[in-house]
Amino acid sequence: MFKQKLLIGLALAVSLVFAGTAYAQTLKIGLKSEPSSMDPHYHNLTPNNMMALYVFDRLILQDSKQNLKPGLAVSWKNVDDLTWEFKLRSGVKWHDGSDFTADDVAFTIGRAPNVPNSPSSLGRYIKQVTGVEVVDALTIRMKTAKPFPLMPTYMSTFGIISKKTGSGATTADYNSGKAMNGTGPFKSVEWVPGDRIVYKRNENYWGNKPEWSDIIVKPLSNNSSRVAALLAGDVDMIDFVPTADIETLKKNDKVSISQTVSNRVIYLHIDTARDKSPFVTDINGKPMDKNPLKDLRVRKAISKAINRKGIVEKVMEGVAIPAGQLLPDGFFAISPNLKVEPYDPEGAKALLKEAGWGDGFGLTIQGPNNRYVNDAKIVQAIAQMLTRIGIKTKVDTMPKNVFFPRGSKLEFSLMLVGWGAGSGEPSSPLGSLLHTYDKSKGFGSSNRGRFSNAELDAALEEALATVDRKKHGDLLIKATEIGINNLGIIPLHFQVNTWATRKGLKYDARTDEQTLAVGVKTAN
Amino acid sequence: MTVGVEIIKEETLLRRFISDFAQSKIAVAGLCTIVVIILIAIFAPLLSSQNPYDLGQLDIMDGRLPPGEVGGAGFTFWLGSDDQGRDMLSGIFYGLRTSLGVGAMSAFIALFIGSSFGLLAAYFGGRVDSIIMRIVDIQLSFPAVLVALVLLAILGKGVDKIIIALVAVQWAYYARTVRGTALVERSKEYMEAARCLALNHKRIVFRHLLPNCMPPLIVVVTVQVAHAISLEATLSFLGIGLPVTEPSLGLLIANGFEYMLSGKYWISFFPGIALLVTIVSINLVGDQLRDVMNPRLQK
């Protein structure tokens, strides 16, 4: 009798141990934002692109510091100035067991820019490809009309889908899981919008196999509940740890923190183009026919009035780096000449006086309140600082779905925005934020201040057509220096991305803010 | 007519009312607290060491100082400062001003609109009554916060907008209360007499009917002022309603909410206490008023 009980006890203990290890292989992730679709090409949005990476590989992958590394393509080179050749990885299988070939790549290039009803298409990364030539099953060539040095970077931005499964598949088929056939490290199990996304490991993955057999991703948009879920053990890991909680979590011995600087610059965009700007008033709040923001000295005064160190210390709780240009040190094409503008309120006042605005004027600063880390608080802090040098500043913050469309309709005079360089080099912010607005060429799409400088345009366009990497970089630096010295935008700081995991896990923190399960390891 | 008799009668009524009210010590304490809070609200600019609504006077470098710390400008933050360097004590004084102002304003406007409709419904009866009361029913079937949220989403931010939203969700309570009382009063003899004298409607309604509906209304007003204040705080807490640079109590609490886990309790705690004390005092007074004015509870 006793023996029997012992046996049962033993069996229970053993099963518990196994249950324990099985549990450890499931990784539960709590994320701030949820994707709008599972379709890898539907919406060019960080959460979408990131979740797509779980299931769909790319020709070229980006490591955690956004350096390019081979993905489905093992090598790539210029055959001539207008042709790029990609050698594809052999032996790669789709989740359904069929072989991966160059036809799938050609099919993807045809589909990705043309998804119906796409709110923001990936086409901008593909439109330079004028022709695709499948040389053999594992070689593909892409033609461009002009030399195109950024081709490898652009090929690292969208997932490759299977021709067999993808033919005729709609966005709804991806959302339901029917078309979720990739080559990536995880297979899609289900997506319940607002509740969870479930993956299981792809046992035939060509690369390093992830440690986790099952992944459950939960959207937890509220900052406090995300932290609470981690502390309660409901999730193993969270992204975007609120700055107010980082100190406390660091002291908590059940939690580890992973941090790295982000490719996202937080900046002010200024109406530099119009003579009459909607939110510029005289000092008494009456509308004005003059726009002082057109004057470089006034912009310079605004930049000097901002205490970037103060914002980083007090608003960001030290979890940011003051910015003097478009990307932080360590990225490609960083200007050695551009420095963070020091805080100098007296100099700012003098400049305003020199520009003829010694008595000040009125202004409203707009910003989102749910997009960037502490966005609404930064806006208020800046309003304080501008008010102190005599620019009477009002604050208006709003949800991102209201803010961005209004900003793009040029309804604002001064606004707080952020830009993450998904490509990891400055041509993306230069082209979108500072190049003269030109819809036909695809430049200035987010140039909400309509800054325009012919020299900058020329330097950037030349850089984009220069294959020589050194020359390409020098031209980008030149364009950056023109844009920043003329204060087309006023850079404030670079965000620092922070993840928290339960003790015993380590995350290879990424500059592009993405939370990828392959980067989560058990610490030894 | 003997005017003197009337005065004596009124005096005794008032005296009786006061002595009835004073029977509850707690209610008297509540009343005193309300008076103090109202005085604070009125004289906030004189009592505060900083104008928390003037961005030029705030300094981000004074942000999140604990209670008792001295800031860069030289004055002491007795209750600490919030993330923008706003003195919590000054913030609470100004916040009370906004909260009480918004609460009282909206309650009185709603009182005016609501009781007018309630009197109309009761006095004319029939179709007018059923139309007005069906609107009231529909209005009351939605949660107040929901209606206010929708309205503010449409109207935008600002003190005037939040008053409109609060009036819109509150008038129905008054309309219903007044109608109930007025229906009872309408069938009384003095009303019949007034009608027989062929007085015009306006005079009957406002000189004869309304004054006799006042007792329950006064009670409802007190309760609704408290309700309006907490509703305003709720809306501000949710980040709609008042501009972020002019925080009322709700927004002050919301500002400190995210620092709760990190131990910076004072940003939410003190405005929360201020809100609690205000609402509890108003409700204590309201409760006692109800007891005093309800003939059935009279000893």
Side-chain angles (χ1 to χ4, degrees), chain A residues 222-228 230-231 241-252 306-317 343 345 360 363-365 367 369-370 373-399 402, chain B residues 50-66 69 71-73 77 80-87 91 149 152-158 161 236-247 251-268:
Chain A
N222 182 287
N223 282 341
S224 308
S225 11
R226 203 161 56 250
V227 175
L230 176 74
L231 292 176
V241 180
T243 50
D245 294 326
I246 292 176
E247 271 316 302
T248 342
L249 287 180
K250 272 187 179 159
K251 284 184 210 133
N252 187 327
I306 295 170
N307 183 353
R308 291 174 176 78
K309 253 176 88 185
I311 292 179
V312 165
E313 256 170 50
K314 282 294 184 175
V315 182
M316 303 299 291
E317 316 223 10
Y343 174 50
L363 191 61
T364 302
I365 174 170
N369 55 23
N370 58 355
V373 178
N374 298 335
D375 39 15
K377 290 181 193 165
I378 303 168
V379 172
Q380 287 180 64
I382 287 171
Q384 277 184 21
M385 294 162 186
L386 297 187
T387 304
R388 223 166 291 131
I389 63 159
I391 305 177
K392 233 173 150 180
T393 310
K394 286 195 207 131
V395 172
D396 185 10
T397 58
M398 59 202 88
V402 181
Chain B
Q50 177 196 59
N51 177 358
Y53 293 173
D54 178 5
L55 287 175
Q57 292 189 25
L58 307 185
D59 189 344
I60 190 83
M61 298 316 282
D62 290 339
R64 298 193 310 270
L65 294 179
E69 199 104 328
F77 291 91
S81 66
D82 74 357
D83 53 313
Q84 294 290 327
R86 195 176 280 122
D87 176 31
L149 272 173
L152 281 174
I154 300 166
L155 294 172
K157 285 183 174 181
K161 314 269 172 32
S236 303
F237 182 82
L238 293 173
I240 56 169
L242 295 170
V244 277
T245 46
E246 292 170 21
L251 196 54
L252 286 175
I253 296 172
N255 280 346
F257 177 60
E258 60 187 287
Y259 296 105
M260 289 300 261
L261 273 181
S262 50
K264 298 186 177 69
Y265 65 92
W266 60 89
I267 308 176
S268 282

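Below, chains carry the letters A, B, ... as their sequence lines are ordered, and counting in each starts from 1.
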* Asked: Can you list the steps and then say if B/L55 with A/V395 is a side chain to side chain contact (heavy atoms under 4.5 Å, CB included)?
  -> CA-CA 10 Å; B/L55 287 175; A/V395 172; 4.1 Å; yes

* Structure fact -> For A/K377 and B/D83 the tightest heavy-atom approach is CD-OD2, 3.0 Å

Non-hydrogen atoms of chain B under 4.5 Å away: do they reach the side chain of [X], the backbone, both or neither?
| X | value |
| --- | --- |
| A/V402 | neither |
| A/M385 | side chain |
| A/N369 | neither |

* Asked: For atom CZ of B/F257, is the number of surrounding heavy atoms from other residues, nucleotides or ligands below 6.0 Å larger than 12?
  -> no

* **Neighbour count >12 (heavy atoms, 6.0 Å) for atom NZ, B/K157** => yes

* Could you grab the distance from atom OG1 of A/T248 to atom OH of B/Y259, nearest 0.5 Å is fine? => 11.5 Å

* Asked: Hey, does the side chain of B/E258 reach the backbone of A/A244 with a donor-acceptor pair shorter than 3.5 angstrom?
  -> no

* With distance as the sole test, does A/Q380 use its side chain to make a donor-acceptor pair with the main-chain N or O of B/Q84 at under 3.5 Å? -> no

* Audit row: B/I60, A/Q384, side chain to side chain contact (heavy atoms under 4.5 Å, CB included) steps and yes/no -> CA-CA 8 Å; B/I60 190 83; A/Q384 277 184 21; 3.7 Å; yes

* side chain to side chain contact (heavy atoms under 4.5 Å, CB included) between A/K314 and B/D59, intermediate numbers included -> CA-CA 10 Å; A/K314 282 294 184 175; B/D59 189 344; over 6 Å; no

* Who wins among B/M61, B/K264, B/R64 for the most heavy-atom pairs under 4.5 Å with chain A? -> B/R64

